[in-house]
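This report concerns only the one structure given below.
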Amino acid sequence: MKNKLVVFVLAAIGLLVLPLVAQEFGQGWVRIMALALLYVMLALGLNIVVGYAGLLDLGYVAFYAVGAYLFALLSSPHLSENFPAFAEAFPGGLHMPIWVIVPLAAAVAALAGIVLGAPVLRLRGDYLAIVTLGFGEIIRVFMNNMEYPLNITNGPRGISQIDPMHIGGFSFGKPLAIGDYTIAPVTLYYYLFLALVVLTVVICHRLENSRIGRAWMAIREDDVAAKAMGINVRNMKLLAFAMGATFGGVSGSMFAAFQGFISPESFSLMESVMIVAMIVLGGIGHIPGVILGAVALSALPEILRYVAGPLQEATGGRLDAAILRQLLVALAMIGVMLSRPRGIWPPPEHGKAAPKPAGATRNQPNLTVTQERAA
């Protein structure tokens, strides 16, 4: 326990100091770390659906989009510029406080999760994946075309002039000066996302060890047996969809405030595929593994930019740097999955007997099971 406490304290100090050191080398590194934390939140939310309940969801980015667009509509002048009624009531734009928007984004995303989960409760495996994939694409196309006759999402042009995250009079979009030292806004967002990730980890850990978490895992292993044991499979699946979507909605609202601009291109199918890949690569159902997979797959493409550029120059520009970067990421993923089929940090295997000492059964064949375990 003492060793674990020391590790946690050192990790906390490292996470707090890391952005302050990184911003000295450029804010781009801090931005990569902040986006990695956002993907950690998304991966932990999807892990509830895929890792705990065993429901393959390829449309998770839809909840991400719902949270982002809800925050953008309620924290920008877009509605006032396009609807006279809003302009009369809110001449300067609709700028609602975050303690209203963020819970509302979580609630609307949870409702969207229930709407998605209700019709697909009887589906499993590939069929469930296809339906959820279609749901994610429907939301993206819906956001892309809601410009006429009523301009709600501004179509493919997206929504801009989104307010930065602020709590009371403190704004995360302005530098914070402490004496002669200045903390950049991207570093402030890093700390905000870090606090949300810690809260998400605590919630997921408590859920995993609760009766609800054990019910989800029973459904994941065999939903027929779980139903025979008295578990309400329908309600538990709906709860898994709703809980996972809640984290997606909160992450989307943070993304909109962080970027200041959103468009449908930010919520493509590849985003959902990447989030699922983070869970599979890290270790399905294991919180530390999911975090590691999310950090690896979100930061690796950005880090490989510094490798793809020199390789492009070495070949005289015959290789496209973007395609080369995707190739390097794919090769890295293939290498990891070949060497670690269950993920980089898989969950411990429960229910298997410990290996017996060599010769224990052979030398004492007449022992009972209890005596053999004691031996």
Side-chain angles (χ1 to χ4, degrees), residues 34 38 41-42 45 61-116 118 135-176 185-186 188-189 192-193 195-196 199 242-243 245-268 271:
L38 267 184
M41 290 178 59
L42 287 170
V61 75
F63 312 124
Y64 189 41
V66 167
Y69 269 93
L70 184 63
F71 188 93
L73 291 174
L74 298 182
S75 296
S76 71
H78 176 74
L79 293 178
S80 297
E81 291 174 353
N82 292 277
F83 296 94
F86 276 96
E88 293 178 3
F90 306 97
L94 187 61
H95 304 278
M96 299 186 68
I98 63 169
W99 52 82
V100 174
I101 302 177
V102 174
L104 187 60
V108 173
L111 180 62
I114 294 174
V115 170
L116 167 64
F135 180 80
E137 282 298 286
I138 287 171
I139 294 296
R140 186 187 63 81
V141 174
F142 188 69
M143 300 299 183
N144 201 36
N145 290 276
M146 283 194 67
E147 187 176 5
Y148 301 104
L150 297 177
N151 188 1
I152 298 178
T153 63
N154 209 28
R157 293 176 294 175
I159 300 177
S160 59
Q161 303 180 35
I162 303 173
D163 294 342
M165 194 67 64
H166 60 276
I167 300 175
F170 179 77
S171 175
F172 288 86
K174 298 179 181 179
L176 177 63
V186 66
L188 298 177
Y189 274 109
L192 174 62
F193 297 162
L196 290 174
L199 179 62
M243 285 296 299
T246 299
F247 292 108
V250 174
S251 301
S253 64
M254 295 297 127
F255 174 75
F258 182 59
Q259 291 286 101
F261 169 79
I262 59 171
S263 66
E265 284 75 20
S266 300
F267 312 103
S268 62
E271 290 293 319

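When reading the values below, keep in mind they use all heavy atoms of this one structure, side chains included, and skip hydrogens, waters and symmetry mates.
- Applying the salt bridge (Lys or Arg N to Asp or Glu O under 4.0 Å) criterion to E271, with sequence neighbours excluded, gives no partner residue.
- Between H78 and N151 the shortest side-chain heavy-atom distance falls below 4.5 Å.
- A distance-only check finds no donor-acceptor pair linking the side chain of S253 to the backbone of F71 [under 3.5 Å].
- Pairing each heavy atom of A106 with each of V250, the nearest pair is CB-CG2, 3.8 Å.
- Interatomic distance, CD1 of I152 versus CD1 of I159, reported as 10.0 Å (0.5 Å rounding).
- The shortest side-chain heavy-atom distance between V66 and L111 does not fall under the 4.5 Å cut-off.
- Atom CG of L38 sits about 8.5 Å away from atom CE of M254, to the nearest 0.5 Å.
- The CG atom of L73 lies 10.0 Å from the CD1 atom of I101; values are rounded to the nearest 0.5 Å.
- Of all non-hydrogen atoms in S76 and I162, the two that sit nearest each other are CB-CA, 4.2 Å.
- Between the side chain of N144 and the main chain of R140, no donor-acceptor pair closer than 3.5 Å is present.
- For the pair K174 and P185, the tightest heavy-atom approach, listed with the atom from each and the gap, is C-CG, 3.8 Å.
- Applying the side chain to side chain donor-acceptor pair (under 3.5 Å) rule to E81 yields no partners; only residues at least two apart in sequence or on another chain are considered.
- Distance check: S80 OG to E88 CD gives 10.5 Å after rounding to the nearest 0.5 Å.
- Side-chain contact between V100 and L74: absent, with no pair of heavy atoms (C-beta onward) separated by less than 4.5 Å.
- Using cut-offs of 30° and 60° on the angle between ring planes, the pair Y69 and F267 is tilted.
- The two residues P264 and P156 make their nearest non-hydrogen contact at CD-CA, 4.2 Å.
- Side-chain atoms of S263 never come within 3.5 Å of backbone atoms of G158 as a donor-acceptor pair (strictly under, hydrogens ignored).
- Taking the six-membered ring where tryptophan is involved, the planes of Y64 and F255 are tilted, since the angle between them lies from 30° to 60°.
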Legend entry - Worked check of side-chain contact (heavy atoms from CB on, under 4.5 Å) between L176 and F170: CA-CA 9 Å; L176 177 63; F170 179 77; 4.0 Å; yes
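- In this structure, M165 and I98 have side chains that are in contact, with non-hydrogen atoms separated by less than 4.5 Å.
- Counting heavy atoms from C-beta outward, T153 and F142 have side chains that stay 4.5 Å or more apart.
- For the residue pair A242 and I114, the shortest heavy atom distance occurs at CB-CG1, 3.9 Å.
- Using the six-membered ring where Trp is involved, Y189 and F193 have ring planes that are tilted, between 30° and 60° apart.
- The backbone N or O of D163 sits nowhere less than 3.5 Å from a side-chain atom of S75 that would complete a donor-acceptor pair.
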Inset, instruction - Check step by step if side-chain contact (heavy atoms from CB on, under 4.5 Å) holds for F63 and I139. - result: CA-CA 9 Å; F63 312 124; I139 294 296; over 6 Å; no
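- Across all non-hydrogen atoms, the minimal contact from M41 to L196 is SD-CB, 3.8 Å.
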